[in-house]
Amino acid sequence: MHFLDQAKIFVRSGAGGPGAVSFRREKYIEFGGPDGGDGGRGGDIVFEAVPGLNTLIDFRYTQHFRAPRGKGGAGSNRTGAGGGDLVIKVPVGTQILADDDERSLLADLTKAGERMTFLKGGLGGRGNASYKTSTNRAPRQHQTGEAGEEMWLWLRLKLLADVGLVGLPNAGKSTLLNSVSNAAAKVGDYPFTTLRPQLGVVRHKGREFVLADIPGLIEGAAEGAGIGDRFLGHVERTRLLLHLIDGAGDDPLNAWRVVRGELDSYGAGLGDKPEAIALTKADLLDSKQRSKIVKTLEKESGARVFPISAPLGEGMEPLLDTMIERLGAAAQEVAAKTADERSWSPL
Ligand SMILES: Nc1nc2c(ncn2[C@@H]2O[C@H](COP(=O)(O)OP(=O)(O)OP(=O)(O)O)[C@@H](O)[C@H]2O)c(=O)[nH]1
Ligand SMILES: [Mg+2]
């Protein structure tokens with residue numbers, strides 16, 4: 001099982017090209033003088049946040065990124081060509097961390113299209129033409145280009161979603177995501193069907209928001225049980241958690257407690273994040289059972305509990321209404337743009 005939400009990479013900006021040593025030589029012109037041009041600038045390392053990516057998996061295969069060096073200067077005062085910048089495309093929500101003990105945060109790319117020049121390319125060296133003075137008319141000095149900069153760093157992805165789905169395995173999280181959004185998440189009648197976070201865009205009553213589905217949590221996830229809790233990092237930045245509880249499960253109340261416990265142990269404010277609660281698989285319960293479970297859960301959580309059946313589309317309307325309402329301005333009004341323009345993609 002592999003969650004590639006972080007990756008270690010090496011980056012180096014391009015060195016500047018060397019300056020040239022050259023003298024003008026032409027028929028009928030004596031003592032042509034120095035004409036060695038400067039070297040070109042080395043390429044920068046640039047990070048760009050692009051929509052439509054939501055994994056760092058590519059960085060498992062490509063770990064070294066070197067921007068091209070500047071070209072050398074040449075005779076006839078020709079400056080060397082600059083090395084092109086190397087643009088590294090990362091998903092929106094990628095943080096760049098130093099490879100030190102604290103993993104200090106160097107940059108946080110949160111908007112699509114955001115770009116940052118991370119390492120500057122080296123300056124090109126001076127050619128001998130630039131050393132010419134009245135007393136030194138035939139200089140042989142020149143500079144090699146300035147070296148590029150290099151470092152190891154960590155990329156960490158925290159998906160940017162408005163609402164995060166949490167719950168035990170098999171609670172019906174992916175089923176819900178598929179029924180309300182354009183996602184096509186894998187659904188299965190066994191725990192840990194979902195191994196990687198998935199995003200979907202939900203549209204409801206002229207508004208839209210991004211919903212993130214993550215792997216199920218079990219008791220002890222904070223200590224690594226099941227597949228652990230590191231993917232909770234993906235819901236750290238959401239505004240609202242949607243907690244799903246399997247209505248057909250053995251002990252819905254305990255299910256709620258276990259997940260709450262894991263959210264608290266994880267920290268990072270997850271335990272204090274606003275929570276909406278839905279009781280899934282309500283179609284498998286008769287109305288008496290249903291209202292009993294809803295009542296127990298409401299008493300314990302102090303929140304309203306929405307019974308739903310995502311495959312049948314039952315109970316969805318009030319649940320989505322609440323989410324829109326609780327997201328407030330964060331649930332964007334759907335502008336004239338089409339669904340295709342708003343980029344997203346399942347992993
Ligand atoms: N009858 C009924 N079955 C449901 C409902 N919602 C989900 N299921 C079934 O429950 C099983 C688990 O659903 P998933 O959506 O894969 O559950 P999950 O929470 O994403 O599970 P993990 O990814 O393993 O954590 C599947 O067999 C679904 O078909 C529902 O409302 N009614
Ligand atoms: Mg799932």
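Counting convention: from 1, in listed order, for ligands and their atoms alike. Note: hydrogens, waters and symmetry copies are ignored here, and every other heavy atom, side chains too, is used.
- A salt bridge links Arg237 to Asp108: at least one charged side-chain nitrogen sits closer than 4.0 Å to a carboxylate oxygen.
- When atom types are taken as modelled, the side chain of Lys132 and the backbone of Pro34 share no donor-acceptor pair closer than 3.5 angstrom.
- In this model, a donor atom of one side chain and an acceptor atom of the other lie less than 3.5 Å apart for Asp35 and Ser22.
- Taking every heavy atom of Gly216 and a limit of under 4.0 angstrom, the matching atoms of ligand 1 come to 25 (O).
- In terms of protein heavy-atom proximity, atom 32 (N) of ligand 1 is nearest to Asp283 OD1, 2.8 Å.
- Under a 3.5 Å cut-off, the side chain of Arg290 and the backbone N or O of Ala282 do form a donor-acceptor pair.
- For atom 8 (N) of ligand 1, the closest heavy atom belonging to the protein is Lys281 CE, 3.6 Å.
- By the 3.5 Å distance cut-off applied to N or O atoms, Leu284 is not counted among the residues near ligand 1.
- Connectivity analysis of hydrophobic side chains (ILVMFWY, heavy atoms under 4.5 Å, direct or indirect) links Leu279 to Ile245, Leu253, Trp256, Ile277, Leu285, Ile293, Val294, Leu297, Val305.
- For Asp250, the CG atom sits in a loose shell: 12 or fewer heavy atoms of surrounding residues, nucleotides or ligands are nearer than 6.0 Å.
- Annotation: the span from Leu240 atom CG to Glu325 atom CD amounts to 11.0 Å, rounded to 0.5 Å.
- In terms of protein heavy-atom proximity, atom 16 (O) of ligand 1 is closest to Gly188 N, 3.1 Å.
- Within the structure, the ring-ring contact (aromatic ring centres under 6.0 Å, His included) test picks out the following pairs touching residues 62-81 (sequence neighbours left out): Phe10-His64, Phe59-Phe65, His64-Trp152.
- Around the Mg ion (ligand 2), protein N, O or S atoms at a distance under 2.8 Å total 2; waters are neither shown nor counted.
- Looking at ligand 1, you won't find any N or O of Asp213 less than 3.5 Å from one of its N or O atoms.
- Residue Ala310 touches ligand 1 through its backbone alone, judged by heavy-atom distances below 4.0 Å.
- Given atom 29 (O) of ligand 1, the protein heavy atom at minimum distance is Val187 CG1, 3.8 Å.
- With sequence neighbours left out, Phe118 forms a ring pair (Phe, Tyr, Trp, His ring centres under 6.0 Å) with Phe47.
- Distance from atom 25 (O) of ligand 1 to its nearest protein heavy atom, with residue and atom name: Lys173 NZ, 3.0 Å.
- The distance criterion of under 3.5 Å between nitrogen or oxygen atoms is met by Gly172 with respect to ligand 1.
- Numbered from 1 in the order shown, with element, the atoms of ligand 1 that lie under 4.0 Å from a heavy atom of Tyr190 read 24 (O).
- Within a 6.0 Å sphere centred on CD of Glu219, other residues, nucleotides and ligands contribute 12 heavy atoms or fewer.
- The CD atom of Glu300 sits 10.0 Å away from atom CG of Asn254, with the distance rounded to the nearest 0.5 Å.
- Both the backbone and the side chain of Ser174 come within 4.0 Å of ligand 1, judged by heavy-atom distances.
- Nearest protein neighbour of atom 6 (N) of ligand 1, counting heavy atoms only, is Thr175 CG2, 3.8 Å.
- By the 3.5 Å distance cut-off applied to N or O atoms, Ala282 is not counted among the residues near ligand 1.
- Checking Ile227, Asn170, Thr194, Leu165 against atom 21 (O) of ligand 1, the nearest heavy atom belongs to Asn170.
- For ligand 1, the atoms lying closer than 4.0 Å to a non-hydrogen atom of Pro191 are 24 (O).
- For Arg137, the CZ atom sits in a loose shell: 12 or fewer heavy atoms of surrounding residues, nucleotides or ligands are nearer than 6.0 Å.
- Not one N or O on the side chain of Asp213 forms a donor-acceptor pair closer than 3.5 Å with the backbone of Gln198.
- The CG atom of Asp321 sits 11.0 Å away from the CE atom of Met316 when rounded to the nearest 0.5 Å.
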